[in-house]
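Notes follow once the structure below has been shown.
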Amino acid sequence: MGKKNADWNREQDRVNYVLEEITEKVSKLEAKVGGIKGEIVGLRKSFWDDVTVNLDEPDDVLETFQSIKQQSELLGERERSHRQVHKHIKTLERLKYSPYFGRFDFVEENEENLEEVYIGIASLLDKNEEDFLIYDWRAPISSLYYDYYPGEAKYDTPFGTIEGEMKLKRQFIIKNGTLKSMFDTGVTIGDEMLQEVLGGNSNTQMKSIVATIQREQNKIIRNESSRYLLVQGVAGSGKTSAALQRVAYLLYRYREQLSSSNIMLFSPNPLFNSYVATVLPELGEDNMQQSTFQEYVEYRLEKYFDIENPFEQMEYLLTDMDDEKYDTRLTSITFKASLSCKDLIDSYVKELGKDGLRFKNIRFKGKVIVSKEAIKDHFYSLDSAISIPNRLTILTDWLMKELIRIEKKERKKDWVIEEAELMDQEEYLKAFKELQRKQQFTEETFDDFEREQALLAKEIVRRYFKPLKQAVKKLDYLDIIGTYQQMFERYIDHDLTEKWKQICHLTIENIEKKQLSYEDATPFLYLQDQIEGKKSNTAIRHLFIDEAQDYSPFQLAYFKQLFPSSRMTILGDYNQAIYAHSMNAPTLLSPELYEAGKHEVIQLTKSYRSTQEIVEFTKGLVQGGDQIEPFNRSGALPTLTEVETEESLKEKVIERVEELEQSGHKTIAIICKTAKESKEAFEALHDRLEVRLMDEETYSFDKGVLILPTYLAKGIEFDAVIIYNGSNECYGREYERKLFYTACTRAMHELHIFSVGDKSVFFSGIPETKYQVV
């Protein structure tokens, strides 16, 4: 028997042994979890049997409370144990399918014993709980697998650096407990394993990449030194996957100090949140908090405005070029994304400290009971050295006292007496019980008519004033909308350019209609927080921002204020900056926005998503594309089909989709430039094809044929992509170049571009040998 066969058999024997250990552990844990479940059921059934209830004396009440607390803690501890054991069983079940994916042999410096280290998604100890059969991929020693090839190697531990020599590095593909492939390698992760993982069909959920993490991705995952970690990665470079593995690593590395509730991901849209939702659970970790910036904006401001979302802004910019306000809007978007806009607001806030803050009348039953002039006078009577938020706190206290004073006077008004007399039996009983709860009288004393009327009047007025007091505590007396609008009214003549005046007029016009443009969201929130007090979230310790090229310098400054205790991992691609404010301006990926010594930039230039042919085609679409390295996975050339009419386009697209389905592709995206074009394509095709139209309200997607606009496809990949109309009319302006690039780079295996009329001018940078005309 050759050495290769002997090694194979030995490795399969070890897989069998590990599976036996896993099966035995699962059996023991299932017995344990059954016992704990029985205890929990018993505790719930007998909860009150084991509690001493005595409320006669104060000491007895305390004893009863302690008894309930003790029983609750016991039940809680058993329930936590049940969850932990159940979670352990789920991890072991995942290990059964593929217990590990890598091995290396390591000899520590000045030691003789060679250690065989096997790497998997979770650690596994032997039956004696002494030796590791599998090391978790996040363990310190596991970093050797990702960072080194056979030869001298070292890894960091909490106790220092361990140096030594790697003697062997081996990779496995194991499915259902059977060894399918095995190869020794001298590089980080061999092409064979990547071919196996990348060559399959796309999925509606992002895959975990722990078996194929590359050295440069490992630097992202294990980085612990940088306050701001900037990852500039080309399309398909695995930056988002690496970020999610980074979350899993941080939860493992700092498991005593960090939980998933301390980590937040800002993603481009809800669809993307659904796409990545299974990665962390597959690794045995709870999902971190996930949101979009738009969701945060709506949570804060939807009570004030009809809020535009970024996709509506994009739709306007791509479809309404003939609007007379188009250029003004474009300039407004650029300015409000900049730090110059932040500086303007900071100056305005300083002025508001002296004069100009707007307030609203406080009304009761249609009458002004505290005028906005009186509120303003009291606010500006306070020491100007006190910050605006602290003065508002003092002002709120004064207003609460004013309301209490007015409330007392109101009790004697005729409307109160009339309401008490007209009170039906149910309302009367409700008021009686509320007063009795407050121990203001007993049944025996509720027979004095005058006392009864006084108490009822007090209760009636209290109920009416309660929402007023709540509104005052929420600072609803502050006219934040008027204050924001006033900034543009006040500064309308500060800049003599006609463009600035037009921006001011456009902003004022929208605000008066109670409409908030997307570009106004960050400035408005920032101003509100400077006035009312910063809404800092100190619980978030790590913030992840994906598609960072779509965020502005102003948004970064706001994130720093919003999450002051947080480290940030910022990921994106300059070449996919498709929003107006980010096309030729700094974005979160720009190092100059960060303090020196506090940030680190990692570049990912290798694309793993698409075939070599697709990467070679798309790299010709963008500046600096020659720096993009394709992974060595071959496929068909991208195709270009030029047609003369919309009807011909429809027939050709249907024909191509049917061919792709017959080829076995599971996810096929028909990508259009805009939502408007997507709807038109859906109307043209849905009678003949089973297709699904996706928009910004789509939160998940299934396999099949999807129609969607370019900006919703960001961050997602498909087996095959059809560009519905790649004509020069559709993609002919320079600012549409990155939009076209983003659409084309969604394809894993096949890319097909259709054009009604002349093809896009962006083809001029691509050699004709890089695509096929059909």
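Heads up: numbering here begins at 1 and tracks the sequence.
The minimum heavy-atom distance linking Leu649 with Tyr724 is given by the pair CD1-O, 3.3 Å. Taking each heavy atom of Leu317 and Ile333 in turn, the nearest pair found is CD1-CD1, 3.9 Å. Counting all heavy atoms, side chain and backbone alike, Asp573 lies closest to Gln232 at OD1-NE2, 3.1 Å. In terms of heavy-atom proximity, His599 sits nearest to Leu230 at CB-CD1, 4.3 Å. Considering every non-hydrogen atom in both Tyr574 and Lys738, the closest pair reads O-NZ, 3.1 Å. In terms of heavy-atom proximity, Ile221 sits nearest to Tyr249 at O-CD2, 3.2 Å.
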Trace of the side-chain contact (heavy atoms from CB on, under 4.5 Å) decision for Ile671 with Leu708: CA-CA 5 Å; Ile671 300 182; Leu708 70 166; 4.1 Å; yes

CA sep, side-chain torsions, deciding dist, call: Tyr731, Phe762, ring pair (Phe, Tyr, Trp, His ring centres under 6.0 Å): CA-CA 8 Å; Tyr731 294 98; Phe762 305 143; 7.2 Å; no

Intermediate values then yes/no, salt bridge (charged side-chain N to carboxylate O under 4.0 Å, His left out), Glu315 and Lys679: CA-CA 13 Å; Glu315 197 71 16; Lys679 288 173 186 171; over 6 Å; no

Ring pair (Phe, Tyr, Trp, His ring centres under 6.0 Å) evaluation trace for Phe559 with Phe293: CA-CA 10 Å; Phe559 287 144; Phe293 184 65; 5.6 Å; yes

Stepwise salt bridge (charged side-chain N to carboxylate O under 4.0 Å, His left out) check, Lys219 with Glu216: CA-CA 5 Å; Lys219 284 175 64 180; Glu216 65 273 19; over 6 Å; no

Stepwise side-chain contact (heavy atoms from CB on, under 4.5 Å) test for Ile723 and Phe740: CA-CA 9 Å; Ile723 305 299; Phe740 190 60; 4.0 Å; yes

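Side-chain N or O atoms of Thr667 include one that pairs as donor or acceptor with a backbone N or O of Asp719 at under 3.5 Å. A donor-acceptor pair under 3.5 Å is absent between the side-chain atoms of Arg609 and the main chain of Ala235, judged by distance alone. Side-chain atoms of Arg227 never come within 3.5 Å of backbone atoms of Lys598 as a donor-acceptor pair (strictly under, hydrogens ignored). No donor-acceptor distance shorter than 3.5 angstrom exists from the side chain of Asp546 to the backbone of Ser267, with no hydrogens or angles considered. The closest donor-acceptor contact from the side chain of Lys619 to the backbone of Ile628 lies under 3.5 Å. For Gln217 (side chain) and Ser237 (main-chain N/O), a donor-acceptor pair under 3.5 Å exists by modelled atom type. Under the 3.5 Å distance criterion, the side-chain polar atoms of Asn510 are left unmatched by any main-chain donor or acceptor of Leu516. In terms of modelled atom types and a separation under 3.5 Å, the side chain of Glu677 and the main chain of Lys673 share a donor-acceptor contact.
Ring to ring, Tyr551 and Phe266 are not that close: their centroids are 6.0 angstrom or more apart. A distance of 6.0 Å or more separates the ring centres of Phe311 and Tyr579.
Once rounded to the nearest 0.5 Å, the distance linking OG of Ser760 with CD1 of Ile753 reads 8.5 Å. Here Gln612 contributes atom CD and Phe631 contributes atom CZ; the two are 10.0 Å apart, rounded to the nearest 0.5 Å. Distance check: Ile654 CD1 to Leu685 CG gives 5.5 Å after rounding to the nearest 0.5 Å. Rounded to the nearest 0.5 angstrom, Ile503 CD1 and Cys341 SG are separated by 9.5 Å. Atom CH2 in Trp500 sits 11.5 Å away from atom OG1 in Thr331 (nearest 0.5 Å). To the nearest 0.5 Å, atoms CG (Leu344) and NZ (Lys336) are separated by 10.5 Å.
Looking at Asp550, Thr742, Thr745 one by one, the single match for side chain to side chain donor-acceptor pair (under 3.5 Å) with Lys714 turns out to be Asp550. In summary, of the residues considered (Glu717, Arg633, His665), a side chain to side chain donor-acceptor pair (under 3.5 Å) with His749 occurs for Arg633 alone.
A salt bridge links Glu651 with Arg688; the closest basic N to acidic carboxylate O contact falls under 4.0 Å. The pair Glu659-Arg656 meets the salt-bridge criterion, with a side-chain N (NZ, NE, NH1 or NH2) lying under 4.0 Å from an Asp/Glu carboxylate O.
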